[in-house]
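Presented below is the structure to which this report refers.
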Amino acid sequence: MSADVTGVFVRLKLSLLRNGLRQSGGRRAAWIASAVVALLFAALQLLGLILLRGTAHADALVVLLVAVLALGWAVMPLFFPGGDETLDPTRLVMLPLRPRPLVRALLVASLVGIGPLFTLCLLTGSVIAVARGAAAYAVGVVAVVLALLVCVALARTVAAANIRLLTSRKGRDLAVLSGLVVAIGAQVVNFAAQRLGSAGLGRLDPLADVLRWVPPGSAIGAVRSVSEGSYGAAALQLGLSALALAALIVVWARHLTRLMTAPDGSTLQAAGESAVREKGGRGPARLLPAGRTGTVMERSLRYVWRDPKTKAAWVTSLAIGLIVPVFNAVQGSGSIYFACFAAGMLGIQMYNQFGQDTSAFWMVAMTISSPRDAYVELRGRALALLLITLPYATLVTVVTTALIGDWHRLPEVLGLSFALLGAMLATGAWSSARFPYSIPQEGHKNVAPGQAGLAWISIFGGMVAAALLCAPVIAAVIWLRLSEGGADWTWLLLPAGAAYGAAITVLGLRLAAPRTAARLPEILAAVSKG
């Protein structure tokens with residue numbers, strides 16, 4: 001019976017893959033392109049690992065590689081829950097299946113796909129890089145199988161444990177934030193690679209000594225132990241990987257049993273859910289200004305907190321705005337002026353303000369009947385952005401300055417950041433009215449089809465205009481730095497930059513307000529397109 005169920009699930013996995021490719025030519029082309037790129041990268045990695053054979057500290061590198069690979073399998077279901085339809089076991093609750101046969105069937109079916117093949121190539125290359133002798137290769141075959149099964153079981157266990165979250169709105173928010181993880185991970189990998197390039201692979205030895213006893217790295221560590229004649233250590237390391245696999249399967253089976261037998265929120269009404277909840281006040285919202293300005297600020301901040309796309313854009317800007325200057329400062333190759341990157345990244349959030357509202361903008365449009373109404377609306381959105389951006393840009397500048405130790409330049413960099421932020425708020429307000437575009441709520445696209453040109457003009461055109469508006473402050477910085485005795489007066493750039501940024505913001509909002517009021521129908525049509 002178990003063999004029959006396993007075969008059914010493997011065929012189901014192949015059918016899901018085949019039917020998904022039949023949906024459209026674009027999806028088929030995207031899958032084929034991604035498969036070719038992934039397999040080409042896997043082949044290059046396999047070749048590189050084979051070439052590492054005989055190199056000093058190669059064993060430390062491959063153990064770390066396997067650990068990172070396992071980490072990737074663990075977080076994959078959290079950020080890409082829709083990538084594999086069979087990751088959701090709640091779709092099987094109506095089937096008369098017992099947990100153990102179901103676990104075996106899902107485990108085997110999980111080995112079908114590009115991801116397992118990619119992992120298999122890296123594990124095979126890792127074994128070849130460290131194996132010495134026939135015994136080591138024989139253990140290597142067992143190690144590859146164990147490590148692959150541990151990775152797949154880990155992904156399945158994480159998915160089963162968090163499936164309620166992953167199929168909820170919060171889970172979809174988490175999936176949207178996957179781009180942030182990729183961006184941060186790329187910076188971390190780049191930083192680590194540069195460090196290793198200058199210090200050598202020997203820096204990995206202390207970490208590898210620990211990871212050799214942590215599954216699935218322990219399976220690859222067993223190959224090295226056999227190559228060195230430590231058969232007892234190798235047996236213990238293989239046993240740790242086998243024990244980890246068994247533990248994951250047990251936990252996975254328990255989660256499957258709970259998912260298929262326990263009621264959830266769709267079948268049980270939460271106690272007191274229908275009762276009217278008492279409000280304990282507006283909380284921090286009480287600190288906002290009264291009237292329309294405070295209402296607009298609160299609405300904008302709620303979008304940042306609740307809307308997946310807006311939240312993803314903000315968190316990404318916050319992270320990258322800190323990573324770029326700090327990482328460059330830590331590496332010793334950065335400039336204190338890189339701190340302005342934080343203000344620039346957050347200033348981009350002012351662009352396409354009405355597109356963030358999508359089709360709900362019609363409710364805002366109904367409240368705008370004059371340029372004055374449009375001005376107050378834009379001012380509230382700009383103040384909401386400043387509520388986050390001003391302290392954050394200041395913090396990033398202070399941290400970068402502390403890492404570099406160039407404290408006498410802090411006032412001028414802060415002044416330049418404030419001026420840049422003001423220029424981007426001004427150009428963003430005008431660009432939002434002149435080049436609005438829709439942001440699709442579903443999927444990972446940030447621009448509706450046919451509006452990519454508008455997005456490019458809005459963002460990059462606005463950024464060029466903002467740079468030009470900052471020219472007076474930049475010229476003042478250069479003039480004071482080059483003139484004799486001018487360095488003693490650079491502290492004036494802080495109040496001057498702040499005042500200039502505030503003035504250019506107000507001017508930009510006032511110029512954008514009449515255009516916003518006059519183009520409401522066009523803006524509404526553009527942002528509702530997606």
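Heads up: numbering here begins at 1 and tracks the sequence.
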List the residues meeting side chain to side chain donor-acceptor pair (under 3.5 Å) with Thr427, not counting sequence neighbours, and say none if there are none.
Tyr351
Do Leu318 and Leu322 have side chains that approach each other closer than 4.5 Å (heavy atoms only, starting at C-beta)?
no
Please name all residues satisfying side-chain contact (heavy atoms from CB on, under 4.5 Å) with Trp489, sequence neighbours left out, ordered by chain then number.
Leu480, Trp491, Leu492
Euclidean distance, Leu52 CG relative to Leu47 CG, rounded to 0.5 Å
10.0 Å
For residues 414-431, which residue pairs pass the salt bridge (Lys or Arg N to Asp or Glu O under 4.0 Å) check, not counting sequence neighbours?
none
Measuring only between side-chain heavy atoms, which start at C-beta, is Thr401 closer than 4.5 Å to Val413?
no
Which residues pass the ring pair (Phe, Tyr, Trp, His ring centres under 6.0 Å) test with Phe435, not counting sequence neighbours?
none
Sorted by first residue and then second, give each side-chain hydrogen bond (donor to acceptor under 3.5 Å, both in side chains) pair with at least one member in residues 408-421; sequence neighbours left out.
Tyr337-Arg409, Tyr337-Glu412, Asp406-His408, Asp406-Arg409, Glu412-Arg481
Not counting sequence neighbours, which residues clear side-chain contact (heavy atoms from CB on, under 4.5 Å) with Ala67? List them please.
Leu211
To the nearest 0.5 Å, tell me how far Ile320 CD1 sits from Leu346 CG.
10.5 Å
Side chain to side chain donor-acceptor pair (under 3.5 Å) partners for Thr293, two or more places apart
Arg379
In sequence, state the C-alpha distance, the side-chain angles, and the governing distance for Tyr500 and Thr505, and then conclude on side-chain contact (heavy atoms from CB on, under 4.5 Å).
CA-CA 8 Å; Tyr500 181 82; Thr505 298; over 6 Å; no
Heavy-atom nearest pair, Pro325 first then Val396, reads CG-CG1, 3.8 Å
Shortest non-hydrogen contact between Ala393 and Thr397, atoms and distance
O-OG1, 2.7 Å
What are the two closest non-hydrogen atoms of Ala433 and Thr516, and how far apart are they?
CB-OG1, 3.2 Å
Residues in side chain to side chain donor-acceptor pair (under 3.5 Å) contact with Thr310, at least two apart in sequence or another chain
Asp307
Taking side chain as C-beta onward, heavy atoms only, is Ser317 less than 4.5 Å from Gln349?
yes
Quick one: side-chain contact (heavy atoms from CB on, under 4.5 Å) partners of Val296, sequence neighbours excluded?
Arg292, Arg299, Ser300, Glu377, Arg381
I'd like to know whether Tyr375 forms a side-chain contact (heavy atoms from CB on, under 4.5 Å) with Ile368, so could you lay out the CA-CA distance, the side-chain angles of the two residues, the decisive distance to 0.1 Å, and finally the verdict.
CA-CA 9 Å; Tyr375 172 74; Ile368 299 177; over 6 Å; no
Give the intermediate values and the outcome of side-chain contact (heavy atoms from CB on, under 4.5 Å) for residues Trp73 and Val152.
CA-CA 7 Å; Trp73 275 93; Val152 174; 4.0 Å; yes
Could you give the distance from CG (Leu288) to OG1 (Thr295), rounded to the nearest 0.5 Å?
9.0 Å
Determine yes or no for a side-chain-to-main-chain donor-acceptor pair under 3.5 angstrom, with Ser432 supplying the side chain and Met350 the backbone.
yes
Atom pair CG/CD1 of Leu420 and Ile504 - distance to nearest 0.5 Å:
12.0 Å
With rounding to the nearest 0.5 Å, note down the distance linking CH2 in Trp362 to CG in Leu520.
14.0 Å
Please identify each residue that fulfils ring pair (Phe, Tyr, Trp, His ring centres under 6.0 Å) with Phe361, with sequence neighbours left out.
Phe354
Separation of Leu51 CG from Leu46 CG (nearest 0.5 Å)
9.5 Å
Does a side-chain heavy-atom distance below 4.5 Å link Met463 with Ile348?
yes
Looking only at heavy atoms, which two atoms of Ile114 and Ala35 are closest? And how far apart?
CD1-CB, 3.3 Å
Show your working on side-chain contact (heavy atoms from CB on, under 4.5 Å) between Leu301 and Trp305 and close with a plain yes or no.
CA-CA 6 Å; Leu301 293 174; Trp305 183 251; over 6 Å; no
Leu49 versus Ser126: any side-chain heavy-atom pair under 4.5 Å?
yes
Taking the side chain as C-beta and beyond, is there a heavy-atom pair between Trp314 and Leu385 under 4.5 Å?
yes
Main-chain N/O of Val364 paired to Thr367 side chain as donor or acceptor, under 3.5 Å:
yes
For Ile474, all residues meeting side-chain contact (heavy atoms from CB on, under 4.5 Å), sequence neighbours excluded:
Leu416, Cys470, Ile478
Are side-chain heavy atoms of Leu524 and Pro521 found at a separation under 4.5 Å?
no
For Ser335 and Ile404, the nearest pair of non-hydrogen atoms, with its separation, is C-CD1, 3.6 Å
So, for Ala208 and Val63, which heavy atoms are closest and what is the spacing to 0.1 Å?
O-CG1, 4.1 Å
For residues 493-521, which residue pairs pass the salt bridge (Lys or Arg N to Asp or Glu O under 4.0 Å) check, not counting sequence neighbours?
none
